[in-house]
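What follows is a single structure, written as C-alpha cells, with notes after it.
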Amino acid sequence: MHYSDLAKRIVDELLRPDGSDKLRPVHTIGIGATGYFEPSEVAPQYCKADHFITPRTKATLRFSNGSGSKTQHDDWSDVRGMATRFHLSDGTDTDLIMMTLPEFFARTPEEFLEFTLAAKPTEVHWVSPWKKIWQMLHLIPPQPDPYPDEEISPNEGAIKFANENRYSQLAVFQAAAIGAPVSYLRAAYHAVHTFVVTGEDEVERWVRFTWQPIDGVKNENPLDPPGADYLQGRLRDRLADHTSRFTLMMQIGEVGDAFDDSTKPWPPHRQRVMMGTLTLDHAAEDTKAQDDYFEKLSFNPMLLTPGIRASEDPVLHIRKEAYAYSSGKRDATPCPFSGGAEDDQ
Ligand code: HEM
C-alpha cells in the first residue's frame, strides 16, 4: 500500500515523548475482549451487511485509553476507545472503531496535522484562579489543573488551538470535560464519521453509529480517584461471571446534515434505529500471550463490507493509510491493508 507523506507525517507527529514507537501512538494502553453481535429484527431493512442478516456474529474487541502515553493513567480525564472486529460468515472481517468523543477535532487531514502540531504535549503548569475566572467571563474554557504526577500535557496547546479555530472547539471542549468512566463497559462510544448503509431494498442512507452500554453511562468522581490502574481489572472481574451488553444505535442523516465533516453534530431529533446487541463474555487474560495478541492487533476503520461504505469524509479516508502505516511502524500483525513492517515506505 502507498502511504502519502501527509498520513505518515500525522502518525509520526502523534508519537508523544512518553510514548513508544513499538506501541500505538494513540490509544496506547488497552485490553482485549471477545463476544458476539446479534442484529435487531429491523436491522436488515437498513443494512444488508452480513452481520446485520446473520443471527449471531463473533466479535473481537479492544478497549483503550486515548492517550499516547505508555504509562497507564486510568483515572485521568481522557477519551476512551472501543474497536470492534466482526468475524463475518464468509470468513472475512469488518471493523467498527469508536471513541467516547462524539465529534472530531478537524474537518480535513491537513487540519488534523495542524491540530496535532499545536497540541504537542508541553510542560504542565497551574493557571491562577483569577485567570480562570477571567477566562470564564470571556467564554474561554479554563485549562484543567494538572494531576499530581503529570509532567506534560496536550491541554494548553489544544485549548489555544480551539480558541483560534472554531471548527475544533466542540471536540476540544468535550475532551477537556470528558472525565474517567467507572468501567470501559459504562461509557457510550461514537464512530464519529458518517457511513453509507444499503438496505435490503437497495436504498442508501447516510448514518452515524454509536454503542450505548446497557449498564448505563457512569463516570468516576474526580475528587475521589480510584487509582491509575482499575479499568482492566474491572473489565476482567465483570466478564469473569457475567456478560455485559451494548446496543448499536444508528442515527439517520437528512439533507443538509454534515455528511463529510465529523466536527459537526447532527440535530438530536434525527431518527435513530436500534441495529443490534453486542454481548461481551470474555476479557483478555492477564498473560503475556493475550497481552501480545491484542498489543499486535491492527484495526482499520476502512475495513468495511458490502452493505456499508465510507462517506466522502477525507479524515475517514486518510485513516485507512494512517492505521496501516502505524501498524507497520510498530511491527504489529499486519493491518488488513498493509504488508506489515516491510511495507512502510
Ligand atoms: C485523521 C484522523 C485520525 C488519525 C490520523 C488517527 C490515527 C490513529 C493511529 C495511528 C492509531 C494506531 C493504529 C495502530 O497502530 O494500529 C489509532 C488508533 C485508534 N484510533 Fe485513531 N486516528 C484518527 C481519528 C480517529 C477517530 C475519528 C476515532 C474515533 C472514531 C479514532 C479512534 C481510534 C481508536 C479507538 C484507536 C485504537 C484502536 C485499537 O484499539 O487498536 N481515531 N488512531
Side-chain angles (χ1 to χ4, degrees), residues 3-4 6-16 19-33 59-68 70 78-85 95-117 119 168 170-171 174-175 178 184 187-195 208-211 260-264 284 291 293-303 310-311 313-338 340-341 344:
Y3 304 120
S4 63
L6 183 57
K8 290 200 287 189
R9 174 92 196 274
I10 296 173
V11 175
D12 293 343
E13 297 289 356
L14 281 172
L15 187 66
R16 287 172 53 127
S20 158
D21 60 4
K22 289 282 154 261
L23 302 172
R24 291 166 179 82
V26 285
H27 294 269
T28 307
I29 303 284
I31 177 170
T60 302
L61 291 96
R62 182 173 176 269
F63 290 97
S64 54
N65 293 348
S67 168
K70 63 177 186 298
D78 192 5
V79 170
R80 315 291 151 154
M82 176 175 171
T84 309
R85 174 158 292 166
D95 288 353
L96 186 55
I97 303 182
M98 301 211 202
M99 65 172 169
T100 47
L101 210 55
E103 278 80 33
F104 197 54
F105 306 102
R107 299 167 294 190
T108 64
E110 289 79 4
E111 286 177 354
F112 187 55
L113 175 60
E114 279 175 37
F115 173 78
T116 305
L117 295 173
S168 70
L170 188 57
Q174 284 171 341
I178 205 156
Y184 283 128
Y189 298 83
H190 312 272
V192 175
H193 304 284
T194 302
F195 291 86
R208 288 183 174 179
F209 289 106
T210 301
W211 287 120
D260 305 335
D261 177 355
S262 55
T263 66
K264 291 202 179 78
D291 274 358
Y293 176 78
F294 285 99
E295 199 98 300
K296 294 288 175 195
L297 199 57
S298 305
F299 293 89
N300 195 300
M302 290 288 280
L303 185 64
S311 63
D313 184 340
V315 173
L316 175 55
H317 286 267
I318 202 153
R319 288 177 70 196
K320 177 177 179 179
E321 292 172 54
Y323 286 55
Y325 171 67
S326 173
S327 156
K329 202 177 155 187
R330 67 184 169 89
D331 233 342
T333 311
C335 148
F337 295 110
S338 73
D344 61 356

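Computed from heavy atoms alone, side chains included, the values below leave out hydrogens, waters and symmetry copies. Numbering of ligands and ligand atoms starts at 1, following listing order. These numbers were taken from a predicted model, which means no experiment stands behind them.
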Please state which protein non-hydrogen atom is closest to atom 38 (C) of ligand 1 and give its distance, to 0.1 Å? A83 CB, 4.0 Å
Would R330 count as being in polar contact with ligand 1, using the rule that some N or O on each side must be under 3.5 angstrom apart? yes
First locate atom OG1 of T28, then atom CZ of R16, and finally report the distance between them rounded to the nearest 0.5 Å. 8.5 Å
Residue, atom and distance of the protein heavy atom nearest atom 37 (C) of ligand 1 read H27 CB, 3.4 Å
Provide the number and element of each atom of ligand 1 under 4.0 Å from a heavy atom of F104. 2 (C), 24 (C), 27 (C)
Is there a donor-acceptor pair closer than 3.5 Å between any side-chain N or O of T100 and the backbone N or O of R80? yes
Does the plane of the ring in F63 sit parallel, tilted or perpendicular to the ring in Y184? Use 30° and 60° as the thresholds. parallel
Taking S262's backbone N and O only, do any of them form a donor-acceptor pair with R208's side chain (distance below 3.5 Å, no angle check)? no
Heavy atom of H193 under 4.0 Å from ligand 1? yes
A332 near ligand 1, heavy-atom distance under 4.0 Å? no
When rounded to the nearest 0.5 Å, the distance separating CZ of F294 from CG of L61 is 8.0 Å
Shortest non-hydrogen contact between R330 and L23, atoms and distance: CD-C, 3.6 Å
Which bit of I10 is near ligand 1, meaning a heavy atom under 4.0 Å away: side chain, backbone, both or neither? side chain
Under 3.5 Å, side chain of H193 to main-chain N/O of P314, donor-acceptor pair present? no
Y323 near atom 21 (Fe) of ligand 1: N/O/S under 2.8 Å: yes
Run the numbers for me: atoms of ligand 1, each under 4.0 Å from some heavy atom of V315, listed by number. 1 (C), 2 (C)
Identify the protein heavy atom lying closest to atom 4 (C) of ligand 1, giving its residue, its atom name and the separation to 0.1 Å. F112 CE2, 3.8 Å
A student checking ligand 1 against I97 at a 4.0 Å heavy-atom cut-off should list atoms 30 (C), 32 (C), 33 (C), 34 (C), 35 (C)
How far is atom 31 (C) of ligand 1 from its nearest protein heavy atom, and which residue and atom is that? R319 NH2, 3.1 Å
Check each atom of ligand 1 against the heavy atoms of R62 and keep those under 4.0 Å away; list them by number with element. 39 (C), 40 (O), 41 (O)
What orientation do F115 and F105 show, parallel under 30°, tilted 30 to 60°, or perpendicular over 60°? parallel
Starting from atom 13 (C) of ligand 1, what is the nearest protein heavy atom, named by residue and atom, and what distance separates them? S326 OG, 3.6 Å
Do you see a donor-acceptor pair shorter than 3.5 Å between the side chains of S327 and S298? yes
Using modelled atom types and a 3.5 Å cut-off, is there a donor and acceptor pairing between side-chain atoms of K320 and backbone atoms of N300? no
Shortest protein heavy-atom distance from atom 29 (C) of ligand 1, along with the residue and atom involved: M99 CG, 3.3 Å
I need the atoms of ligand 1 closer than 4.0 Å to a non-hydrogen atom of A191, numbered in the order shown. 30 (C)
Which residue and atom name correspond to the protein heavy atom nearest atom 41 (O) of ligand 1, and how close is it? R24 NE, 2.7 Å
Less than 4.5 Å apart, side chain to side chain, heavy atoms only: is that true for L96 and W211? yes
Measure the distances from the heavy atoms of G30 to every atom of ligand 1 and state whether one is below 4.0 angstrom. no
Which atoms of ligand 1 have any heavy atom of V26 under 4.0 Å away? 8 (C), 9 (C), 11 (C), 17 (C), 18 (C), 43 (N)
Rounded at 0.5 Å granularity, tell me how far CZ in R24 sits from NZ in K70. 16.0 Å
For H190, the atoms of ligand 1 under 4.0 Å from one of its heavy atoms are 30 (C)
Interfacing atoms of ligand 1 (cut-off 4.0 Å, heavy-atom, P25): 10 (C), 12 (C)
Assess, by modelled atom type and distance only, whether the side chains of R62 and H27 contain a donor and an acceptor separated by less than 3.5 Å. no
